[in-house]
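To keep things clear, I will list the structure first and then write my remarks on it.
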Amino acid sequence: MRDPRLTRRRFLAVTGAGTAAGGLLTTSSATSSATNSAGSSAGSSAGRADVVTRGLTQAVLAAFEHHRLVALGESHGRQEHGDAQQVLLADPRLPHVVDDIVVEFGNAMYQPIVDRFVAGGAVDDQVLRQVWRNTTQSPLATGDQPIREQFFRTVRAVNWTLPAERRIRVLLGDPPIDWSRITTQGQVDAFLAQRDTHMASVVEREVLARKRRALIFYGSGHVMHSPEPGQNADHAVPLIEEQTGRHVYVIVAGSHPRLATCPRRTVIPCSGSWLESTDAGRFMDAPRLCGFPLGKLADAVLYLGQLTDLTQPLWNPAIFLDPVYWAELQRRNAINGNLIDLEQYRQQQPITLPAPPPVSCVANRGH
């Protein structure tokens, strides 16, 4: 390791390797403790339902021992994923191994604002909200779910007790679209086309070129490896890997009935378990991935629970009673061809996440 702050001895001290504080390996089998202490994998057989799991924080810290970049792929709209992020951010060991966090839910045009905010500076709420409200995804995704604001405020709180040289920087990965200048769909499309290339350039320039380490918080579709040469070549992580030669350790969120006995909010390596060869389409509830082994797309999985147990991070409908904000959302929706019904934002939503019907990859082979 070249980073003088992180010798191997210090890394082991920081991560608490071999201690209960770091979240020792656990398995879905009640008889696996002896196996874990011996250091073997309970999920070494692809045909077995039991798998070795780690706590999210411990898995992330361990990944940084060998990688400068660790990506945590998100299934959008799930409160449990936001909760997992909060637990990870709050761990006092994280700032010892992470310099930056690259996020999808922030417009790069506001990077100076976020730099000032997470460093403890004064930023008006109205100014801060622009960071997540004015991305290329508006108005379909306004960023008004509480987990987005909580993320920025948690990083600020974590940095409060840290010396300046160890504070975590948040890098905004969404292209710098200026909605005040946008009047046509073509202008929006130009920025949408840059989403992955822009994030990759941010990582290369602000992280790798400066010999730093970064977490990447993005939707799973942006961070999955290429299953074959040329596939997913325009996605952010494959771009980074191709252009820099560095392997990004990828953890994707997902669920499967065979994981029902695993603890929630745990990470399971794909290599050496049945997850390596399982169909990614069913695991990630994404028919377009049917036919691809999960182990080709990710290094590990984050299990948050069965789909029927997941909940939504709900916005306050009163947010959308602001006439100025509402008018701007209507303007953006009109530019995009009125693709969504904005009135849903003003209505109370159920806390439970509507579970889609199970994906049948047999019927979707070849997609």
Side-chain angles (χ1 to χ4, degrees), residues 55-57 60-61 70-95 98-108 110-135 137-162 167-174 214-220 222-223 251 253 264-265 267 302 304-305 309-320 322 325 345 348-353:
L56 174 60
T57 302
V60 168
L61 294 174
V70 176
L72 188 58
E74 175 180 339
S75 295
H76 296 314
R78 297 181 179 180
Q79 176 66 46
E80 288 72 17
H81 195 97
D83 293 341
Q85 283 183 347
Q86 293 290 307
V87 171
L88 178 60
L89 293 173
D91 195 291
R93 296 168 293 174
L94 193 69
V98 172
D99 303 297
D100 308 304
I101 303 177
V102 187
V103 299
E104 180 180 7
F105 44 89
N107 183 334
Y110 303 104
Q111 187 65 55
I113 291 173
V114 165
D115 284 341
R116 184 166 72 252
F117 180 76
V118 299
V123 177
D124 288 342
D125 287 347
Q126 184 176 356
V127 174
L128 184 64
R129 292 188 195 109
Q130 297 178 84
V131 172
W132 56 81
R133 283 184 174 180
N134 292 342
T135 71
Q137 301 305 288
S138 180
L140 178 60
T142 68
D144 287 299
Q145 299 97 328
I147 60 173
R148 299 311 185 201
E149 183 171 356
Q150 285 171 355
F151 165 82
F152 292 102
R153 294 194 180 279
T154 299
V155 174
R156 176 187 170 98
V158 168
N159 284 340
W160 183 267
T161 61
L162 299 174
R167 290 174 185 158
I168 295 174
R169 188 183 184 199
V170 174
L171 296 170
L172 306 178
D174 200 58
L215 272 170
I216 299 173
F217 286 172
Y218 256 71
S220 292
H222 298 278
V223 302
I251 304 170
R264 298 176 69 175
R265 203 167 60 230
V267 174
L302 170 61
L304 298 172
D309 296 328
L310 301 179
T311 57
Q312 300 187 77
L314 297 178
W315 57 84
N316 182 351
I319 291 172
F320 303 100
D322 177 351
Y325 185 36
Y345 294 151
Q348 194 68 41
Q349 303 293 319
I351 191 66
T352 54
L353 187 70

Side-chain heavy atoms of Leu56 within contact of Val87, under 4.5 Å: no

Check: Val170 main-chain N/O paired with Gln111 side-chain donor or acceptor under 3.5 Å: yes

side-chain contact (heavy atoms from CB on, under 4.5 Å) against Pro313, all qualifying residues, sequence neighbours excluded: Gln79, Gln145, Ile147

Distance in Å, Thr135 OG1 paired with Leu172 CG, rounded so as to fall on 0.5 Å steps: 10.5 Å

Euclidean distance, Thr57 OG1 relative to Leu88 CG, rounded to 0.5 Å: 5.0 Å

Salt bridge (charged side-chain N to carboxylate O under 4.0 Å, His left out) against Asp100, all qualifying residues, sequence neighbours excluded: Arg212

Side chain proximity check, Ile168 to Ile101, heavy atoms < 4.5 angstrom: yes

ring-ring contact (aromatic ring centres under 6.0 Å, His included) partners of Phe217, counting only residues at least two apart: Phe151

From CG (Leu94) to CG (Leu89), nearest 0.5 Å: 6.5 Å

Flag, side chain of Gln312 to backbone of Thr352, donor-acceptor distance under 3.5 Å: yes

Any donor-acceptor pair under 3.5 Å from Arg265 side chain to Leu304 backbone: no

For Arg167, salt bridge (charged side-chain N to carboxylate O under 4.0 Å, His left out) partners two or more places apart: none

For His222, all residues meeting side-chain hydrogen bond (donor to acceptor under 3.5 Å, both in side chains), sequence neighbours excluded: Glu104, Asp196

Any Val70 side-chain heavy atom under 4.5 Å of Val98 side chain: no

Gap separating the CG atom of Leu171 from the CG atom of Leu215, nearest 0.5 angstrom: 11.5 Å

Considering all heavy atoms, the nearest Gly73-Ser220 contact: C-OG, 3.1 Å

4.5 Å side-chain heavy-atom contact, Val103 and Arg148: no

Pairs involving residues 122-131, ordered by first then second residue, that meet salt bridge (Lys or Arg N to Asp or Glu O under 4.0 Å) (sequence neighbours left out): Asp125-Arg153

side-chain hydrogen bond (donor to acceptor under 3.5 Å, both in side chains) against Asn107, all qualifying residues, sequence neighbours excluded: none

For Asp144, all residues meeting side-chain contact (heavy atoms from CB on, under 4.5 Å), sequence neighbours excluded: Trp132, Arg133, Thr142, Trp315, Ile319, Phe320, Tyr325

Side chain to side chain contact (heavy atoms under 4.5 Å, CB included) between Ile113 and Val127, intermediate numbers included: CA-CA 8 Å; Ile113 291 173; Val127 174; 3.5 Å; yes

All pairs passing salt bridge (Lys or Arg N to Asp or Glu O under 4.0 Å) where residues 112-123 contributes a residue, at least two apart: Asp115-Arg169

Non-hydrogen side-chain atoms of Asn134 and Tyr110 separated by less than 4.5 Å: yes

Gln85 CD to Leu302 CG distance, which is reported to the nearest 0.5 Å: 10.0 Å

With Glu80 via side-chain hydrogen bond (donor to acceptor under 3.5 Å, both in side chains) - residues at least two apart: Thr311

Distance, nearest 0.5 Å, that separates CG of Leu128 from CD of Gln126: 11.0 Å

Residues that Thr154 engages under side-chain hydrogen bond (donor to acceptor under 3.5 Å, both in side chains), provided they are two or more places apart: Gln86

Minimum-distance pair of heavy atoms, taken over all atoms of Pro95 and Val158: CG-CG1, 4.0 Å

